[in-house]
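When a residue number appears, it is its place in the shown sequence, counting from 1.
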Amino acid sequence: MTALTGSPEPSPTSSLSPHPVAAEPPPARPGPPGRARPRWWRRPWVAPLAVVAVAFVAFSLPPYVSLDPARSRVPAPAFFPPHYVVLSLHVVFGSVAMLTGCLQVWPWFRERHPRAHRLVGRVYVLGGCLPAGLLGLVVGLVTPFGHVIRASNVLLALLWLGCTIAGWRAARRRGFVEHRRWMVRSFALTMSIITNRIHTAVLLVLLEPELMTTYHGDRALLTQTAAGLGGWLGWVLPLLAAEWWLERGDARRRARRRAATRTPASPVG
């Protein structure tokens, strides 16, 4: 098409200036929301978590790798002679689960080294949670600290095994969203041994003034009560916290998807 004067219509790349202006490059397309690679230093909880796990393992492991039953922190029941061996193996495999689990929940490691993440994940499951959970089931059944902690330990072992196996199966069929959710629950139960000890220690201090009244001077009864309550609180609260964290993250993702699909109103004119 030509103008009324007969002169050719300026092309989109021409201008009044004698020098043509280069076309601007198209703007970069923004990536999908929530998919930016995480920076290692933007996860301030990773290092403290690893330090706590290493410190706990360093404190808990020596009595059970010494091969000396007298150093066990749990008295062996007379009706179950292999208690020390089973407990020692449970502690060793549980330590593997704790240390490898800290590496698995590190977003930077998971995003930047997916092959290593898969390898460490196999160690977490096959060399940590599964053997530790099966042995923990036995240790829980023969605990000398009463029926309340026995019920807690058995249920904890079953849930730990169930969440870990569910997460493993989800990864095998490439359901990675479901895999992540189950493994967050599994890791919360893995680390519950630490919160168990914290709750039990606090309860022992809080219940001490009631030794001569409520417990009639029976320190064994007071210890069983604190161990039972600490055992239940030790894994129930972390599991509830994990569920809250998962639901909070899902709510944020749903909000981002709604914002991305909401189209702005076209201007009138």
Looking only at heavy atoms, which two atoms of Leu61 and Ser95 are closest? And how far apart?
CD1-OG, 3.8 Å
Quick check: do Leu159 and Trp235 have side-chain heavy atoms less than 4.5 Å from each other?
yes
Heavy atoms only: give me the nearest Pro69-Leu67 pair and the separation to one decimal.
CD-O, 3.5 Å
Would Val85 and Leu87 show up in the same hydrophobic cluster when neighbours are defined by side-chain heavy atoms closer than 4.5 Å?
yes
Please check if Leu229 and Leu211 belong to a single hydrophobic cluster, counting links between Ile, Leu, Val, Met, Phe, Trp and Tyr side chain heavy atoms closer than 4.5 Å.
no
Between Leu161 and Leu134, is any pair of side-chain heavy atoms under 4.5 Å apart?
yes
To check you understand the geometry: which heavy-atom pair defines the closest contact between Tyr84 and Ser72, and what is its length?
CD1-CB, 3.8 Å
Here the gap from Arg110 atom CZ to Met183 atom CE, rounded to the nearest 0.5 Å, amounts to 12.0 Å
OH/Tyr124 to OG1/Thr164 distance, rounded to the nearest 0.5 angstrom?
5.0 Å
Under a 4.5 Å side-chain heavy-atom rule over Ile, Leu, Val, Met, Phe, Trp and Tyr, are Val51 and Ile194 clustered together?
no
Taking side chain to side chain contact (heavy atoms under 4.5 Å, CB included) as the criterion, tell me which of Phe187, Trp160, Trp168 meets it with Cys129.
Trp160
Is Ser186 reaching over with its side chain to a backbone N or O of Trp182, donor-acceptor style, under 3.5 angstrom?
no
Are Leu130 and Ile165 close enough that some pair of their side-chain heavy atoms sits under 4.5 Å apart?
yes
Contacts of type side chain to side chain contact (heavy atoms under 4.5 Å, CB included), residue Val142, not counting sequence neighbours
Pro77, Phe79, Phe80, His83
Value for OG1 (Thr200) from CG (Asn196), rounded to nearest 0.5 Å, stands at 4.5 Å
Might you point out which heavy atoms bring Ile149 and Gly231 nearest each other, and give the distance in Å?
CD1-CA, 3.5 Å
Under 30°, 30 to 60°, or over 60°: which ring-plane class applies to His179 and Phe176, parallel, tilted or perpendicular?
perpendicular
Are Val86 and Val96 grouped together when hydrophobic residues (ILVMFWY) are joined by side-chain heavy atoms under 4.5 angstrom apart?
no
After noting the C-alpha distance and the side-chain angles of Trp232 and Val148, does the key distance pass the side chain to side chain contact (heavy atoms under 4.5 Å, CB included) rule?
CA-CA 8 Å; Trp232 282 98; Val148 176; 3.6 Å; yes
Taking it one step at a time, do Met98 and Ile193 satisfy side chain to side chain contact (heavy atoms under 4.5 Å, CB included)?
CA-CA 10 Å; Met98 289 178 65; Ile193 186 62; 3.9 Å; yes
Should the heavy atoms of other residues, nucleotides or ligands under 6.0 Å from CZ of Arg172 be counted, would the total exceed 12?
no
Which residues satisfy the side chain to side chain donor-acceptor pair (under 3.5 Å) test with His113, sequence neighbours excluded?
none
Is the closest side-chain heavy-atom distance between Tyr64 and Val92 below 4.5 Å?
no
Are side-chain heavy atoms of Trp106 and Leu49 found at a separation under 4.5 Å?
no
Minimum heavy-atom separation for Ala242 and Val184, please, with both atom names.
CB-CG1, 4.0 Å
Value for OG1 (Thr225) from OH (Tyr215), rounded to nearest 0.5 Å, stands at 4.0 Å
Just so I know, are the side chains of Val120 and Gln104 near enough to count as touching, which here means a heavy-atom distance under 4.5 Å?
yes
For residues Val65 and Phe93: do they belong to one hydrophobic cluster (side chain heavy atoms under 4.5 Å, members Ile, Leu, Val, Met, Phe, Trp, Tyr)?
yes
Indicate yes or no: at least one non-hydrogen side-chain atom of Leu189 is less than 4.5 angstrom from one of Arg185.
no
Listed by chain and number, what are the salt bridge (charged side-chain N to carboxylate O under 4.0 Å, His left out) partners of Arg173, not counting sequence neighbours?
Glu178
Can you tell me how far the CD atom of Gln224 sits from the CZ atom of Arg219, to the nearest 0.5 Å?
13.5 Å
May I ask you to test the Glu243-Leu240 pair for a side-chain heavy-atom distance under 4.5 Å?
no
Between the NE2 atom in His199 and the CG atom in Leu237, the distance rounded to the nearest 0.5 Å is 5.0 Å
Taking all atoms of both residues into account, what is the closest heavy-atom pair of Pro63 and Ser60, and its distance?
CD-O, 3.4 Å
